[in-house]
Amino acid sequence: MSTNSFLPYGRQSIDADDLAAVAQALQADYLTTGPGVGRFEQAFAAAVGSRYAVASNSGTAALHLACIALGLQQGDVVIVPTLTFLATANAARFCGADVIFADVDPDSGRLTPAALEAALARAGSAKVKAVLPVHLNGHCADMATIRAMTEAKGIKIIEDACHALGTVHQSGNNSTAKVGACALSEMACFSLHPVKTMTTGEGGVTTTNDPKQYKTMMLYRSHGMVREPSEFKHRDLGFAPDGQANPWYYEMQALGWNYRITDFACALGESQLRKLPRFVERRRQLTALYDAQLAALAPRLKVVAKQAGDDAALHLYAVLIDFAAIGKSRAQVVAELKAKGVGTQVHYLPVHQQPYYRDLYGKLDLPGADSYYERQLSIPLYPDMTDHDVTRVVDALRGVLG
Ligand SMILES: *Cc1c(COP(=O)(O)O)cnc(C)c1O
């Protein structure tokens, strides 16, 4: 990449093999709901170590399908850390469930056991059905502790793992697990949007080890429609008098959605998945370079706290800047970095502050999330960056921070 090119905060890596894979899929018989989807799902499950993977057309759909598979409905309550993308909370709302927003650690943006405890206390007598920890930036929430706190209460866990494809986390005494293996959760959800660790354009995946959850998600991904004769409820309509299944027949057994992903998107997914080890390795290298070079900018700039014992593959490289101390607003810093060719983004405005949620649940006091949000900036991180690009970003930051 040329020394003067603009560095966005994230972007996809598309190579000739990806183009060839998609071109081939576009010339096949099925553009959607063909054999490419199942192939991609199997490869994805194998890559993260889960029994099942359900591919859908967005990370949002993946989260919604997971909420459906837990049977979330009106009257249920879920706990969501407020420092996340909108979709984590919205997925529960799509099912009619209510969201209790948990605070997060101000220096990592992640749900802590103490914040979870406080959220459980706020739930009072309401039945909390699930918690959705978010592996913000690619660092895992403290899964072992969160599991220990919730399991005896019958509270299920859906991981929002959209940032954490490739991360390995502590899963108990001296054992580790890949994010997506669901070692300490019911399900894990991934996004395959272009800025994420790998892409299918738009796309998502939910992983699980539970055959019932898998089946439910497959049903709801496509209109609640059943084509398998052994599962027909209307035997008179589904079968001819001679006992043969009617070849045209399908039935709708639940109110589902069209969350299907195309075969050509899955062809891109399969091709990207083959390169996932390289993407992850490159993200780790770039992260180590940033860690080493940014240390000199403390205390005006701090890097996000890691989760002890994890081997993270970061989706975002987040820094926390004391804007008051440097005497510049965040907007000014963003503009000055942009002028130096460095793209940034803020992840995220705490979701409880969004007008929709403010109208629904009123004003909440979650100071850890506010503190993280006020200082956060995501700087460029994607596999095609060079080592020199990292130095360029750090030099730009040094210049702007003064
Ligand atoms: C990207 C993302 C999503 C939603 O994924 P889409 O594919 O854009 O629908 C959900 N949660 C988090 C934390 C994300 O980063």
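Read the numbers this way: they start at 1 and go in the same order the structure lists the ligands and their atoms. Heads up: numbering here begins at 1 and tracks the sequence. Basis for what follows: all heavy atoms, side chains included, without hydrogens, waters or symmetry-related copies.
Nearest protein heavy-atom neighbour of atom 8 (O) of ligand 1: Ser191 OG, 4.1 Å. Protein heavy atom closest to atom 10 (C) of ligand 1, with residue, atom name and distance, is Cys162 SG, 3.6 Å. At the shortest separation from atom 9 (O) of ligand 1 among protein heavy atoms lies Thr60 OG1, 2.5 Å.
Residue contact check for ligand 1: Gly203 places a non-hydrogen atom closer than 4.0 Å to it.
Contact annotation for Asp160 and ligand 1: only side-chain heavy atoms (C-beta onward) come within less than 4.0 Å of the ligand. Of all the heavy atoms of Tyr348, the ones lying under 4.0 Å from any atom of ligand 1 belong exclusively to the side chain.
Side-chain contact of Glu202 with Thr200: a donor-acceptor pair under 3.5 Å is absent, judged by distance alone.
Seen from the ring of Phe239, Arg235 counts as a face-on cation partner, given the 6.0 Å and 45° thresholds.
Looking at Val393, Val342, Leu316, Val346 one by one, the single match for side-chain contact (heavy atoms from CB on, under 4.5 Å) with Tyr9 turns out to be Leu316. Checked options Lys212, Arg147, Lys129; the residue passing with Glu186 is Arg147 (criterion: salt bridge (charged side-chain N to carboxylate O under 4.0 Å, His left out)).
Looking at ligand 1, you'll find an N or O of His163 within less than 3.5 Å of one of its N or O atoms. For the pair Gly59 and ligand 1, the shortest N or O to N or O distance falls below 3.5 Å. Not a single N or O atom of Thr84, backbone or side chain, sits closer than 3.5 Å to an N or O atom of ligand 1. Any N or O atom pair closer than 3.5 Å counts here, and Glu202 shares no such pair with ligand 1.
Tyr348 has its ring centre no less than 6.0 Å from the ring centre of Tyr373. For Phe190 and Phe44, the ring centers sit closer than 6.0 Å to each other. Remark: aromatic rings of His64 and Phe94 are close, center separation under 6.0 Å. A distance below 6.0 Å separates the ring centres of Phe101 and Tyr357.
With His347, Lys196, His315 as candidates, the residue nearest to atom 1 (C) of ligand 1 on a non-hydrogen basis is Lys196.
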